Asks: 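Submitted below is the structure of interest, expressed as structure tokens.
Owing to the predicted nature of the structure, the values given are computational and were not obtained by experimental measurement. We count ligands from 1, going down the list as the structure has it; atoms in each ligand are counted the same way.
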Amino acid sequence: MNFGTSRASAIEMLNKFIDQNLFEYSRLRNFDYGPNNRSNISCLSPYITHGVINELEVIDKSLKKFSFAKNEKFIQEVLWRVYWKGWLELRPNVWSDYLMELDKIKKEFKNNQNYLDAIEGKTDIECFNQWIIELKENNYLHNHTRMWFASIWVFTLELPWQLGAEFFMQYLYDGDPASNTLGWRWVAGVQTQGKHYLASEWNINKFTNNRFKNIKLNESAQPIFSNKTYSIDRKDFLNSEILENKNLLIFENNMTFELSEFKEHKFKKIFLVSNEINRTIKLSEKVLKFKANLLKDQKIRLEEKLINCETINTNDLKNITEEVYALYPTVGENLDFIKNNQLKNIKFLYRELDQFSWQYCNKGFFNFKNYIPKIIVKFN
Ligand SMILES: Cc1cc2nc3c(=O)[nH]c(=O)nc-3n(C[C@H](O)[C@H](O)[C@H](O)COP(=O)(O)OP(=O)(O)OC[C@H]3O[C@@H](n4cnc5c(N)ncnc54)[C@H](O)[C@@H]3O)c2cc1C
């Protein structure tokens with residue numbers, strides 16, 4: 001697997017997938033044929049996560065190829081990401097609690113041999129060890145494999161889900177606080193309390209074409225118990241009035257500028273904000289390099305449009321004292337930095353897609369799914 005680091009390479013992947021593989025997506029998407037054959041899925045998540053391409057652009061292209069009815073599964077998956085984001089926006093304490101729990105658990109498990117063996121791929125489970133190698137080498141795992149991996153981690157290796165979620169964030173090119181944290185919570189059985197995802201030998205065999213041997217798993221484990229509930233933190237996500245000739249911040253995890261409603265607006269200067277150090281979860285070198293290269297590509301694209309721009313680091317934000325706008329970085333490390341440093345001069349600009357869709361994220365995904373046609377009609 002080779003992930004390019006430009007919008008051009010992302011668009012090429014998107015076009016290829018839509019032209020050649022979208023028609024079989026719903027039938028084949030659950031198969032993991034291994035890292036050398038990813039034609040049954042799009043592999044677009046590293047780009048969508050960073051806003052290099054966006055959900056509406058992907059959906060729009062898919063609808064130009066096939067009708068909504070033929071495309072429904074793919075569109076649902078793309079919007080699942082928007083749903084997880086919205087769900088977390090309405091309950092930001094899930095993220096802050098996760099980081100607090102992680103801090104405590106990390107200290108407890110620092111010298112735990114079971115944990116150290118797992119992250120080095122030295123367990124008795126061959127497929128799991130292989131996925132550790134794959135994750136570190138390719139910085140990507142198939143969705144079904146992420147589910148099996150997380151399930152084995154929690155229920156067979158009996159390790160805390162919080163550590164597994166941290167490990168994914170460190171190595172995935174698409175690492176995202178919402179999809180990742182909530183994906184792990186869902187597998188463990190704390191997202192939908194009492195409902196967990198149990199990986200099984202036959203399921204792994206079937207969907208990996210029997211590539212692995214000796215899959216001995218705990219197939220009767222109980223869900224992880226949590227009595228924590230989260231009430232909804234109602235927010236309006238309204239944009240403040242946007243004045244001309246002010247600066248704009250673009251964070252590394254939301255580079256959607258050219259695709260946003262604000263692309264025609266006259267900003268004085270755009271600051272591209274990288275974040276290598278101000279993170280609770282320290283990212284691997286490869287992930288940091290991937291992000292840096294995507295930012296470089298964004299800078300080139302802005303300069304081609306003769307937009308005055310400069311790359312800075314999160315620490316530099318403390319030196320900006322005048323009022324600035326920022327494409328909203330969503331719940332996660334960049335927003336934590338802004339909040340922890342009380343940078344009240346930063347005014348957020350929200351995407352219309354998020355403003356509209358997040359109102360439907362108060363309940364489960366099955367409820368959200370009912371609103372997908374409404375979302376599509378509004379934005380297509
Ligand atoms: C434990 C666990 C952790 C995960 N961590 C992340 C993460 O950090 N970042 C991340 O982007 N996704 C995460 N996912 C969701 C999903 O696995 C990936 O988005 C998907 O595998 C990306 O591959 P793709 O682009 O080929 O997906 P496709 O199948 O081609 O789907 C197209 C797009 O739809 C979205 N999508 C598809 N499935 C999901 C899903 N289950 N949840 C949310 N969005 C989805 C992605 O943006 C994806 O690019 C996680 C899932 C689990 C079970």
Asks: Relative to atom 16 (C) of ligand 1, which among V58, L182, N180, N143 owns the nearest non-hydrogen atom?
Replies: N143

Asks: Any chance the side chains of D297 and S6 put a donor and an acceptor closer than 3.5 Å?
Replies: no

Asks: Quick one: nearest non-hydrogen protein atom to atom 13 (C) of ligand 1, plus distance?
Replies: R146 NH1, 3.3 Å

Asks: Among all the protein's non-hydrogen atoms, which is closest to atom 9 (N) of ligand 1, and how far away is it?
Replies: D174 O, 2.9 Å

Asks: Suppose I only count heavy atoms of S42 and a 4.0 Å limit; which atoms of ligand 1 are within that range?
Replies: 24 (P), 25 (O), 26 (O), 28 (P), 30 (O), 32 (C)

Asks: Measure the distance from atom 26 (O) of ligand 1 to every protein heavy atom, then report the residue, atom name and distance (to 0.1 Å) of the closest one.
Replies: C43 N, 2.7 Å

Asks: If we count only N and O atoms by modelled type, under 3.5 Å, do the side chains of W95 and D336 hold a donor and an acceptor together?
Replies: yes

Asks: Is F168 in polar range of ligand 1, meaning some N or O pair under 3.5 Å apart?
Replies: no

Asks: Among S179, S62, A188, G164, which residue places a heavy atom closest to atom 4 (C) of ligand 1?
Replies: S179

Asks: For Y140 and ligand 1, answer yes if some heavy atom of the residue is under 4.0 Å from a ligand atom, otherwise no.
Replies: yes

Asks: Take every heavy atom of Y83, measure it against each atom of ligand 1, and state whether any distance is under 4.0 Å.
Replies: no

Asks: What do you reckon, does V187 put a non-hydrogen atom under 4.0 Å from ligand 1?
Replies: no

Asks: Among Q76, E55, R81, which one has a heavy atom closest to atom 44 (N) of ligand 1?
Replies: R81

Asks: What are the atoms of ligand 1, with element, lying closer than 4.0 Å to any heavy atom of T49?
Replies: 11 (O)

Asks: Would you check whether D176 has a nitrogen or oxygen atom less than 3.5 angstrom from a nitrogen or oxygen atom of ligand 1?
Replies: yes

Asks: Check this for me: K374, atom NZ, are more than 12 non-hydrogen atoms of other residues, nucleotides or ligands nearer than 6.0 Å?
Replies: no

Asks: Going by the closest heavy atom to atom 37 (C) of ligand 1, which one wins out of E77, H50, R29, R38?
Replies: E77

Asks: Kindly confirm or rule out a cation-pi arrangement of R146 over W148, judged by NZ or CZ under 6.0 Å from the six-membered ring centre and within 45° of its axis?
Replies: no

Asks: At under 4.0 Å between heavy atoms, which part of L172 makes contact with ligand 1: side chain, backbone, both or neither?
Replies: side chain

Asks: Decide whether a cation-pi geometry holds between K73 and Y25; the criteria are a distance under 6.0 Å from NZ or CZ to the six-membered ring centre and an angle within 45° of the ring axis.
Replies: no

Asks: With the side chain counted from C-beta on, respond yes when Q130 and F212 share a heavy-atom pair under 4.5 Å apart, and no when they do not.
Replies: yes

Asks: Evaluate M147 for polar contact with ligand 1, using N/O atom pairs at a separation under 3.5 Å.
Replies: no

Asks: Within less than 4.0 angstrom of ligand 1, does Y25 place any heavy atom?
Replies: yes

Asks: Check each atom of ligand 1 against the heavy atoms of W80 and keep those under 4.0 Å away; list them by number with element.
Replies: 42 (N), 43 (C)

Asks: What protein heavy atom sits nearest atom 22 (C) of ligand 1, and how far away is it?
Replies: S45 OG, 3.1 Å

Asks: Which residue holds the protein heavy atom closest to atom 33 (C) of ligand 1, what is that atom called, and what is the gap in Å?
Replies: V78 CG2, 4.0 Å

Asks: Considering only heavy atoms from C-beta outward, does the side chain of W184 approach that of W153 to under 4.5 Å?
Replies: yes

Asks: Hey, are H144 and N203 close enough side-chain-wise for a donor-acceptor pair under 3.5 Å?
Replies: yes

Asks: When you compare the side chain of D174 with that of I48, does any pair of heavy atoms fall below 4.5 Å?
Replies: no

Asks: Using a 4.0 Å heavy-atom cut-off, which part of F149 comes near ligand 1: side chain, backbone, both, or neither?
Replies: neither

Asks: Side chains of Q76 and Y83: any donor to acceptor distance under 3.5 Å?
Replies: no

Asks: Please tell me whether E303 and N308 have a donor and an acceptor in their side chains that are separated by less than 3.5 angstrom.
Replies: no

Asks: Run the ring-centre check on Y98 versus W161 and record whether the distance is less than 6.0 Å.
Replies: yes

